[in-house]
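Here's the structure, in structure tokens; my notes come after.
Sequence lines set the chain letters: A, B, ... in the order given, protein chains first and strands last, and positions in each chain run from 1. Computed from a prediction, not measured in an experiment: that's the story for all the values here.
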Number of protein chains: 2
Amino acid sequence: MTTRDPQATGLARLAGLIADETRATCLLALLDGRAWTAGELARHAGVAASTLSEHLGRLVAGGLLAEERQGRHRYVRLADARVAQLVEDLAAQVAPGRSGRPRNLRESSAGSAMARGRTCYDHLAGRLGIVVTDALTARGLLQQETGFALTDAGLAWFAAAGIGLERRGRRPLARACLDWTERRPHLAGVAGAALCRRALDAGWCVRIGSERAVKVTAAGERALFDLLGVEATALR
Amino acid sequence: MTTRDPQATGLARLAGLIADETRATCLLALLDGRAWTAGELARHAGVAASTLSEHLGRLVAGGLLAEERQGRHRYVRLADARVAQLVEDLAAQVAPGRSGRPRNLRESSAGSAMARGRTCYDHLAGRLGIVVTDALTARGLLQQETGFALTDAGLAWFAAAGIGLERRGRRPLARACLDWTERRPHLAGVAGAALCRRALDAGWCVRIGSERAVKVTAAGERALFDLLGVEATALR
DNA sequence: GGGACACTTCGGCGGCGGCCGAAGGGTCCG
DNA sequence: CGGACCCTTCGGCCGCCGCCGAAGTGTCCC
């Protein structure tokens, strides 16, 4: 074993962090953008707390997760949008292989709620995400012709709606994120995150249970129509 | 072990394909966009041919590589641009951790050639990629404000230069790819690939040895100046 | 046809890593 | 201050997987 390319070593190590079913389960759960406690994740993944503790240690050490300790709780969340994007991209690559259908009504209805609307780390996805993205595009606020980009009208629309778009670091304003239920791109990036935050803050949609699924409220239907001309029926 | 989320299983399996140093070495080598024989990769990775054969089997079965058998040779290449993008993204995530400096002059000079210009699967990267991207941007052909996108002038420029841009599937015309030596985004996507192909076909740059590194020729310096106003000194 | 060559299959070895339960600390609350 | 709770550390078990060399298959070329 002579000297190996450090790039390859790093790549293998990074992939190795994701290459475990329990850790992958955690990363996917954390795509909801919130901080989970170690115990929640252990129950979610179906392993002993001790086992999960070690997994979290690795993920944090590897830079994929950020942790915050509060009292006797250890909260973890994805380290940054970049990591979330990476996990999303990998998951999207996998999606075509989704073969199994839901086994019972509960899973089926949960799956359907997820398909209707959910969050992808910090932006909207599912049918909801697609509908919003399409509406933005149809109104000339977003252009997808030569890559995802906000138009001048789009920038004005965000400003008029009072949704601030402050660029942080290298994160692009607009970015396409491939949806694994719709198989079409939807709006991510700074604009996607700001829009999602506004939707949740203003009560346009609310989270269902502790999952990533979200439900559009009556106020949300009104806002979607007023701001983007979207009919409520488009969401069903 | 109760029933697990199939998404997590798939994600872990996909990451597992990359999570081996030998396989990672292969994937990085294949980022040059060309087809390698099994033997070349075995030598490159420093393992027995039998070992590498099994690795290739897994990578092909997992959909990361495509293979073509010709006589007694087995040629493999990355399955598609999507896979290449995934590997690039993962490698870019790793890059900040690059700590070791080159150990001798040969590595140093090879590394420096790589830093000056190289291909990323099918588009230009390194200093060369950045310079071209900057020039396109400075001339109003590419805008980076709200995500990477070609402007109307940019589309006209490609047409005038006789570089065809046919959209295939979902691949975006313009996309940002983060460079791991320059730490800045450069042009990828359909436009990046077309530009790179033209540069190689027209002899504007040539590959150095069997690596990803490329060298700008005298004709290339002239073309860069004529088409984009880039001074040759910007490349050194 | 024979020999060189590229790759694959097989058997066996060794190490890594995920799993658990038990035991140990730290924190909160009554 | 005592008990409940959340998390972590440790030791041990087990299975997976990457490695190799030897033998086998297929292809090319003389």
Atom pair distance, as rounded to whole Å: CG in B:L41 and P in C:dT8: 11 Å
Please check: side-chain N/O of A:R207 versus main-chain N/O of A:V214, any donor-acceptor pairing under 3.5 Å? no
Could you state the interatomic distance from CG (A:L14) to OG1 (A:T9), rounded to the nearest 0.5 Å? 12.5 Å
Would you say the side-chain atoms of A:T37 pair up with the backbone N or O of A:H73, donor to acceptor, closer than 3.5 Å? no
Residue pairs passing the salt bridge (Lys or Arg N to Asp or Glu O under 4.0 Å) test with at least one member in residues 197-206 of chain A, sequence neighbours excluded, are none
Can you check nucleotides 16-18 of chain C for protein contacts, nitrogen or oxygen pairs under 3.5 Å, and list what you find?
{"from": "C:dG18", "atom 1": "OP1", "to": "A:R23", "atom 2": "NH1", "distance (Å)": "3.2"}
{"from": "C:dG18", "atom 1": "OP1", "to": "A:R23", "atom 2": "NH2", "distance (Å)": "2.9"}
{"from": "C:dG18", "atom 1": "OP2", "to": "A:R58", "atom 2": "NE", "distance (Å)": "3.4"}
{"from": "C:dG18", "atom 1": "OP2", "to": "A:R58", "atom 2": "NH2", "distance (Å)": "3.4"}

Atom pair distance, as rounded to whole Å: CG in A:L52 and C1' in D:dT8: 12 Å
Enumerate the protein-to-nucleotides 4-7 of chain D contacts in which both atoms are nitrogen or oxygen and the separation is below 3.5 Å.
{"from": "D:dC5", "atom 1": "O2", "to": "A:R72", "atom 2": "NH1", "distance (Å)": "3.1"}
{"from": "D:dC6", "atom 1": "O3'", "to": "A:R72", "atom 2": "O", "distance (Å)": "3.3"}
{"from": "D:dC7", "atom 1": "OP1", "to": "A:A38", "atom 2": "N", "distance (Å)": "3.3"}
{"from": "D:dC7", "atom 1": "OP2", "to": "A:G39", "atom 2": "N", "distance (Å)": "2.9"}

Do A:E67 and A:R77 sit within salt-bridge range, that is, some charged N less than 4.0 Å from a carboxylate O? no
Show me the pairs that pass salt bridge (Lys or Arg N to Asp or Glu O under 4.0 Å) and involve residues 38-60 of chain A, at least two apart or across chains. none
Closest non-hydrogen atom pair, B:R74 against B:S53: NH1-O, 3.7 Å
Using whole Å, report how far CG of B:L56 lies from P of D:dG18. 13 Å
Whole angstroms only, please: what is the CD-P distance between B:E68 and D:dT27? 16 Å
Determine yes or no for a side-chain-to-main-chain donor-acceptor pair under 3.5 angstrom, with A:R23 supplying the side chain and A:G16 the backbone. yes
Give the minimum heavy-atom separation between A:D122 and A:C196, together with the two atoms involved. O-CB, 3.3 Å
Can you list the residues that meet the side chain to side chain contact (heavy atoms under 4.5 Å, CB included) rule with B:A194, with sequence neighbours excluded? B:I163, B:L165
Using five pairs at either end of the helix from C:dG1-D:dC30 to C:dG24-D:dC7, determine the angle between the two local helix axes and round it to 10 degrees. 40°
